[in-house]
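Just so it is clear, the model here is predicted, and its values are computed rather than measured. Below, chains carry the letters A, B, ... as their sequence lines are ordered, and counting in each starts from 1.
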Protein chains: 2
Amino acid sequence: MTISEVSEQYGLTADTLRYYEKIGLIPRVERKKNGVRDYQEEDCKQIAFIKCMRSAGMPVETLLRYMSLIRQGEETSKERMGLLVEQQEILLKKRQEMDDTLKRLEDKIACFKEKEKSKKRQACGCI
Amino acid sequence: MTISEVSEQYGLTADTLRYYEKIGLIPRVERKKNGVRDYQEEDCKQIAFIKCMRSAGMPVETLLRYMSLIRQGEETSKERMGLLVEQQEILLKKRQEMDDTLKRLEDKIACFKEKEKSKKRQACGCI
DNA sequence: ATACAACATGGAGTCCGCTCCAAGTCAAGC
DNA sequence: GCTTGACTTGGAGCGGACTCCATGTTGTAT
């Protein structure tokens, strides 16, 4: 797969894909004779995972650690799991926060609608 | 309330509070004779809201717009509600994504545990 | 043959959201 | 009277994660 195909498929710009390779988040991608990148299935799997974790807010730094552990083989699996569990905890907390914010938004929006309906234009308690 | 009390209460640094005031996210806070900030209840309400929206990922730019609409009075309420609804949609989408990621993490972690239990050290399909 | 688009590279620049700094003021305690 | 600590200001600096740029090479279409 070319870089533009991968870019298309995973919603990452070509620049970002090159950047990830440059910083070693993914190993050096194979090139064709002419020097053009030719992404293998394994690369794509990793990119999918990276994309997923990045959009969930895992820092590049942590991913870098994780991907390097993968390359070091099976004996690092405990440490890798640790990283995943850590991230899981972070995400669960984030989701809780998000739910609180959503509740707050809902209330506010409901309050706007209420005002609209009753045609009363006074300010309500919420800012 | 002094800046350090507000900072304490809402988990924002004094620097961040001054920064929010500087960029006009909150209106100029009242000062005591000696020039020290004295936060009023209204300021605190706004800060609570800002903190909440910021940690849910609403960009400062959007909040700036929202807060400026508030200052313009009741006739902007429709536009304000629009911003909130927009943000709500963004958050709902984000939460969906987050749930997908959590699912993925769970699966991976389960996979690690499985491997551990069965004492088989072979790689599993997931990266 | 020439034009064009898609790629490559190394390195510089950008954006966001703070965070830190230097220099100064002030109130309270010793 | 002096030190200490919490505050003030304007402005510079920073970290993360890209994003853009200049320059160069290729393969393909006209």
Side-chain angles (χ1 to χ4, degrees), chain A residues 1-40 43-44 46-68 83 87 90 94 97 101, chain B residues 1-40 43-44 46-47 49-68 87 90 94 97 101:
Chain A
M1 277 177 107
T2 69
I3 199 166
S4 54
E5 283 163 355
V6 176
S7 160
E8 167 79 7
Q9 177 152 7
Y10 296 101
L12 296 166
T13 70
D15 267 325
T16 300
L17 288 168
R18 288 192 208 100
Y19 168 73
Y20 284 169
E21 187 179 339
K22 179 151 59 178
I23 63 171
L25 196 48
I26 48 176
R28 184 178 164 80
V29 174
E30 232 176 79
R31 315 289 153 119
K32 300 191 197 136
K33 283 139 239 184
N34 59 15
V36 171
R37 283 173 179 79
D38 185 18
Y39 289 84
Q40 307 300 305
D43 299 319
C44 291
Q46 298 200 5
I47 287 163
F49 176 70
I50 289 165
K51 153 88 181 183
C52 177
M53 293 304 139
R54 278 297 301 125
S55 50
M58 186 188 265
V60 166
E61 200 58 33
T62 310
L63 271 170
L64 224 40
R65 177 101 193 94
Y66 187 85
M67 301 312 276
S68 120
L83 287 179
Q87 184 62 16
I90 291 169
K94 244 192 225 172
E97 250 186 56
T101 305
Chain B
M1 277 177 107
T2 69
I3 200 166
S4 54
E5 283 162 355
V6 176
S7 160
E8 168 79 8
Q9 175 154 6
Y10 296 101
L12 295 167
T13 70
D15 266 324
T16 300
L17 289 168
R18 287 192 208 98
Y19 168 72
Y20 284 170
E21 187 179 339
K22 179 151 57 176
I23 63 171
L25 197 48
I26 48 176
R28 184 177 164 83
V29 173
E30 232 176 80
R31 315 289 152 119
K32 300 189 197 138
K33 282 140 243 186
N34 57 15
V36 172
R37 282 173 182 79
D38 185 18
Y39 289 84
Q40 307 301 305
D43 298 319
C44 291
Q46 298 200 5
I47 287 163
F49 175 69
I50 289 166
K51 152 91 181 178
C52 177
M53 292 304 138
R54 280 295 302 126
S55 51
M58 187 188 265
V60 168
E61 200 57 32
T62 310
L63 270 170
L64 223 40
R65 177 100 193 96
Y66 188 85
M67 302 311 276
S68 121
Q87 184 61 15
I90 291 170
K94 243 194 226 169
E97 250 186 56
T101 306

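At whole-Å resolution of the value, CD1 in B:Ile26 and P in C:dG17 are 16 Å apart. D:dG11 atom P lies 16 Å from atom CD1 of B:Ile23, rounded to whole Å. Per the geometry, OH belonging to B:Tyr10 stands 21 Å off C1' belonging to C:dC18, to the nearest Å. A straight line from CD1 of A:Ile3 to C1' of D:dT26 spans 16 Å, rounded to a whole angstrom. To the nearest angstrom, C1' of C:dC16 lies 13 Å from CG of B:Leu64. For the pair A:Tyr19 OH and C:dG11 P, the interatomic distance rounds to 16 Å; values are reported in whole Å. Here the C1' atom of nucleotide C:dT19 and the CG atom of B:Leu17 are 13 Å apart, to the nearest Å. Rounding to whole angstrom units, CD of residue B:Glu21 and C1' of D:dT8 are separated by 11 Å.
Regarding contacts with the backbone of C:dA6, every side-chain N or O of A:Thr2 stays at 4.0 angstrom or more from both OP1 and OP2. Side-chain N/O atoms of B:Arg37 include one lying less than 4.0 angstrom from OP1 or OP2 on D:dT8. When the side-chain nitrogen and oxygen atoms of B:Thr16 are compared with OP1 and OP2 of C:dT19, one or more of them lie within a distance under 4.0 Å. Between A:Arg54 and the phosphate of D:dA17, there is a side-chain N or O to OP1/OP2 separation shorter than 4.0 Å. Taking side-chain N and O atoms only, B:Tyr20 has a distance below 4.0 Å to OP1 or OP2 of C:dC18. Phosphate proximity of C:dC7 to A:Ser4: present, with a side-chain N or O under 4.0 Å from OP1 or OP2.
Using modelled atom types, no side-chain atom of A:Asp38 and backbone atom of A:Arg31 make a donor-acceptor pair closer than 3.5 Å.
Take the nearest nucleotide of DNA chain D for A:Asp15 and for A:Asn34: the residue whose nucleotide is more 5' is A:Asp15. Across the interface with DNA chain D, nearest-nucleotide mapping of B:Ala14 and A:Met58 shows B:Ala14 to be the residue nearer the 5′ end.
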Legend entry - Derivation and outcome, side-chain contact (heavy atoms from CB on, under 4.5 Å), residues A:Asp43 and A:Gln46: CA-CA 5 Å; A:Asp43 299 319; A:Gln46 298 200 5; 5.8 Å; no
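Contact of B:Lys22 with D:dG11 (side chain to base): a donor-acceptor pair of N or O atoms is detected under 3.5 Å.
No side-chain heavy atom of A:Leu17 sits less than 4.5 Å from a side-chain heavy atom of A:Tyr10. The closest side-chain heavy-atom distance from A:Leu63 to A:Phe49 is below 4.5 Å. Side chains of A:Glu21 and A:Tyr39 form a contact here, defined as non-hydrogen atoms less than 4.5 Å apart.
Distances were taken from every side-chain heavy atom of B:Arg28 (C-beta onward) to each of C:dG17, C:dT9, D:dT9; the shortest belongs to D:dT9. Checking C:dA8, D:dT8, C:dG17 against the side-chain heavy atoms of B:Val36 singles out D:dT8 as nearest.
Within 4.0 Å (heavy atoms only), B:Arg18 reaches at least one base atom of the nucleic acid.
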